[in-house]
Number of protein chains: 2
Amino acid sequence: MGITIKDVAKKAGVAPSTVSRVIADNPRISIETKKRVRKAMKELGYHPNINARNLVARSSQAIGVIMPSSADKALQNPFFPEVLRGIGSYAHETQYSLYVATGGNEEQALEEVKRMVNGNIVDGLILLYSRMHDPIQQFLTEKQFPYVIVGKPSELENEITYVDNDNVKASKDLTTHLIELGHEHIAFIGGSTELTVTIDRLIGYKAAILEANLPLPTEYMVHTEFLKSGGREAVAQLFQLEQPPTGLVVADDLMTLGVIHALEEAGISCPQDVSITSFNNLYLAEITTPPLTTVDIQIYQLGVQSARCLIEKTKNKEEPAKRIIIPYEIKYRKSTTAIKK
Amino acid sequence: MGITIKDVAKKAGVAPSTVSRVIADNPRISIETKKRVRKAMKELGYHPNINARNLVARSSQAIGVIMPSSADKALQNPFFPEVLRGIGSYAHETQYSLYVATGGNEEQALEEVKRMVNGNIVDGLILLYSRMHDPIQQFLTEKQFPYVIVGKPSELENEITYVDNDNVKASKDLTTHLIELGHEHIAFIGGSTELTVTIDRLIGYKAAILEANLPLPTEYMVHTEFLKSGGREAVAQLFQLEQPPTGLVVADDLMTLGVIHALEEAGISCPQDVSITSFNNLYLAEITTPPLTTVDIQIYQLGVQSARCLIEKTKNKEEPAKRIIIPYEIKYRKSTTAIKK
DNA sequence: ATGAAAGCGCTAACAC
DNA sequence: GTGTTAGCGCTTTCAT
């Protein structure tokens with residue numbers, strides 16, 4: 001089963017190596033033989049065996065994508081298919097294949113990574129999350145295996161290539177927007193503090209608040225599991241306070257959906273009673289009630305650029321670590337409004 | 001770079017073939033040599049080169065997953081990461097790797113499929129969509145390449161293995177539920193009529209309506225692009241009618257989100273003015289306002305079972321085509337209520 | 001129970 | 001320009 005390079009060679013009346021060179025489009029082969037060989041390939045329906053090629057080339061022309069371990073529901077976030085689409089697009093362009101690992105739990109994820117790396121299945125990896133004390137990162141760093149992070153590394157920031165937004169600034173902008181609308185009581189709802197993205201967005205929020213000389217009670221900074229129970233607890237906590245917030249910075253659109261729902265249940269409506277700002281500009285940010293003022297972080301581009309970086313890196317191992325910052329754009333919609341006096 | 005089977009053989013004082021047999025856990029090797037060889041592998045940090053193995057085995061221990069071409073926003077549907085998680089879980093268990101292709105457009109998707117199939121990159125494919133006149137399916141069928149569909153094939157139903165829900169029945173149940181709540185004017189909002197899933201859900205809807213001897217004006221069956229513009233047109237169309245519906249069967253939770261939003265804009269509220277039923281039980285179905293009555297189609301299981309079928313099939317090419325029907329469960333929530341008299 | 005050797009399909013020196 | 005040949009790392013007869 002399967003036409004090989006030899007069959008083509010025979011049919012075209014040349015040596016196998018010539019066929020190989022034609023495939024590689026080696027300039028030292030005459031145009032005429034190229035034509036003849038290509039014709040033979042067509043007629044026989046030849047397709048190169050990637051495994052054989054990779055075996056000798058010691059590379060796989062494939063990159064791996066590691067999703068966050070799926071114990072939590074975070075994977076249901078449309079963020080992931082969207083980055084994947086970006087990565088896939090660049091991979092396709094450059095003829096790379098795309099492996100994914102959706103580790104059930106942390107341990108399984110590590111196993112998969114080891115399999116991919118040790119088995120020469122992929123030339124490099126993209127991590128779609130960034131956590132502190134991540135055994136996968138440790139493993140890759142030790143092995144000196146090429147990888148890039150979508151998001152910001154929690155440590156060794158200068159030694160790891162990553163693709164990210166300026167989340168601090170974006171968050172600050174968002175908060176400042178609320179301040180400019182007259183809000184003086186602004187709270188922050190974020191995901192796990194283990195995630196660097198949460199931390200950055202928190203920092204930006206704090207910076208804006210402090211700069212404006214507004215109060216910053218610790219009760220205004222709430223962290224909830226990324227999706228679980230839709231931010232209900234967060235809302236409960238915040239709106240029981242003596243001085244409940246009138247503005248909210250929420251770290252993710254999907255979380256915001258939960259927040260809005262919890263608010264409605266509590267009889268608080270957006271934007272009349274509370275203005276909400278959010279992150280990611282998922283498709284659903286436009287079709288919620290109200291549509292969300294949110295940061296478009298260009299998820300697709302995050303994907304494309306991470307793939308680009310990684311592939312560069314696998315081709316040139318000496319490529320220095322770099323950071324790529326993807327610009328963001330705030331989409332102003334109906335979930336924010338000026339404070340009523 | 002890389003420890004090979006030879007290094008292990010030398011260190012353990014055996015022949016390479018013996019090491020190979022140890023890896024395969026061949027019973028004809030004595031326990032003692034096995035131990036010795038395994039020890040050597042550990043000490044050297046040996047890992048088999050998958051490419052070499054696959055080259056001789058003529059298999060890749062990998063399966064490919066084809067997403068729908070991402071031109072539309074459908075990919076942002078959390079359905080996809082969720083099936084992927086299911087597939088990945090089974091693949092991991094069985095030590096298979098997972099390739100994905102997120103074709104930009106139809107043509108690119110076909111290219112990727114050809115690359116995967118012809119290059120021996122994968123042993124089989126899972127299609128995460130089912131469309132009429134799909135060139136990818138045609139290609140695979142011609143090649144006799146193993147594949148399974150998540151969803152129902154539009155043709156050759158008995159010759160293709162697929163994993164699906166009983167969408168007709170589920171849709172009928174949903175519609176009947178509305179009827180039992182006293183609704184007499186029930187409309188259907190579905191996605192593209194090219195998708196078999198839409199068709200099945202439409203059939204179920206119709207069956208229930210007819211069985212109850214209710215009117216079934218053609219204006220009550222609306223098809224909109226799966227996500228685009230959040231069902232706004234659909235809503236506009238339906239609620240301009242002389243007799244607007246009081247019950248809605250919508251083919252997807254994410255679409256429903258758009259529908260609810262459009263309704264609110266039009267001053268129609270759910271469930272007071274219109275009851276809504278939906279499909280998929282995405283995470284967000286619980287955190288919308290109101291929470292949705294929706295069919296839990298067990299997306300994760302769809303993934304697991306499709307992987308299981310496919311892997312069985314790649315191992316035994318004679319495995320007959322079969323259909324696996326995953327049970328569903330209707331989640332009754334607040335988006336449906338009895339009609340007010 | 002183990003070793004020797006051939007070969008999977010391809011590429012890359014090295015010849016000429 | 002093109003052919004010859006030697007592997008890449010592994011599995012798998014065929015011997016012993």
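Chain A is the first sequence line, chain B the second, and so forth, proteins listed ahead of strands; every chain is numbered from 1. Hydrogens, waters and symmetry mates play no part in the numbers below; they use all other heavy atoms, side chains included.
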Between [atom2] of [N] and [atom1] of [X], the distance in whole Å:
{"X": "B:Leu55", "N": "D:dC8", "atom1": "CG", "atom2": "P", "value": "14 Å"}
{"X": "A:Lys35", "N": "D:dG1", "atom1": "NZ", "atom2": "C1'", "value": "17 Å"}
{"X": "B:Asn51", "N": "C:dG7", "atom1": "CG", "atom2": "P", "value": "22 Å"}
{"X": "B:Ile3", "N": "D:dC8", "atom1": "CD1", "atom2": "C1'", "value": "16 Å"}
{"X": "B:Asn118", "N": "C:dC10", "atom1": "CG", "atom2": "P", "value": "12 Å"}
{"X": "B:Asn54", "N": "C:dC10", "atom1": "CG", "atom2": "C1'", "value": "15 Å"}
{"X": "A:Lys6", "N": "C:dC8", "atom1": "NZ", "atom2": "C1'", "value": "9 Å"}
{"X": "B:Ile5", "N": "D:dT12", "atom1": "CD1", "atom2": "P", "value": "11 Å"}

Charged N-O contact under 4.0 Å between [X] and [Y]:
{"X": "A:Glu312", "Y": "A:Arg308", "value": "yes"}
{"X": "B:Glu112", "Y": "B:Arg115", "value": "no"}
{"X": "A:Glu111", "Y": "A:Lys114", "value": "no"}

Q: Indicate whether OP1 or OP2 belonging to D:dT11 is found under 4.0 Å from a side-chain N or O atom of B:Arg53.
A: yes
(Q) Is there a side-chain contact between B:Arg58 and the phosphate of C:dG9, meaning an N or O under 4.0 Å from OP1 or OP2? (A) yes
Q: Would you mind telling me which of A:Lys35, A:Arg36, A:Met41, A:Lys42 makes a side chain to side chain contact (heavy atoms under 4.5 Å, CB included) with A:Arg38?
A: A:Met41
Q. So which of residues 10-34 of chain B are in contact with DNA chain D, with a heavy-atom cut-off of under 4.0 Å?
A. B:Ser17, B:Ser20, B:Arg21
(Q) So for atom CD, which belongs to A:Glu43, do other residues, nucleotides or ligands contribute more than 12 heavy atoms lying within a distance under 6.0 Å? (A) yes
Q | Where at least one partner belongs to residues 123-143 of chain B, residue pairs that pass salt bridge (charged side-chain N to carboxylate O under 4.0 Å, His left out), sequence neighbours excluded | A | B:Glu106-B:Arg131, B:Arg131-B:Asp134
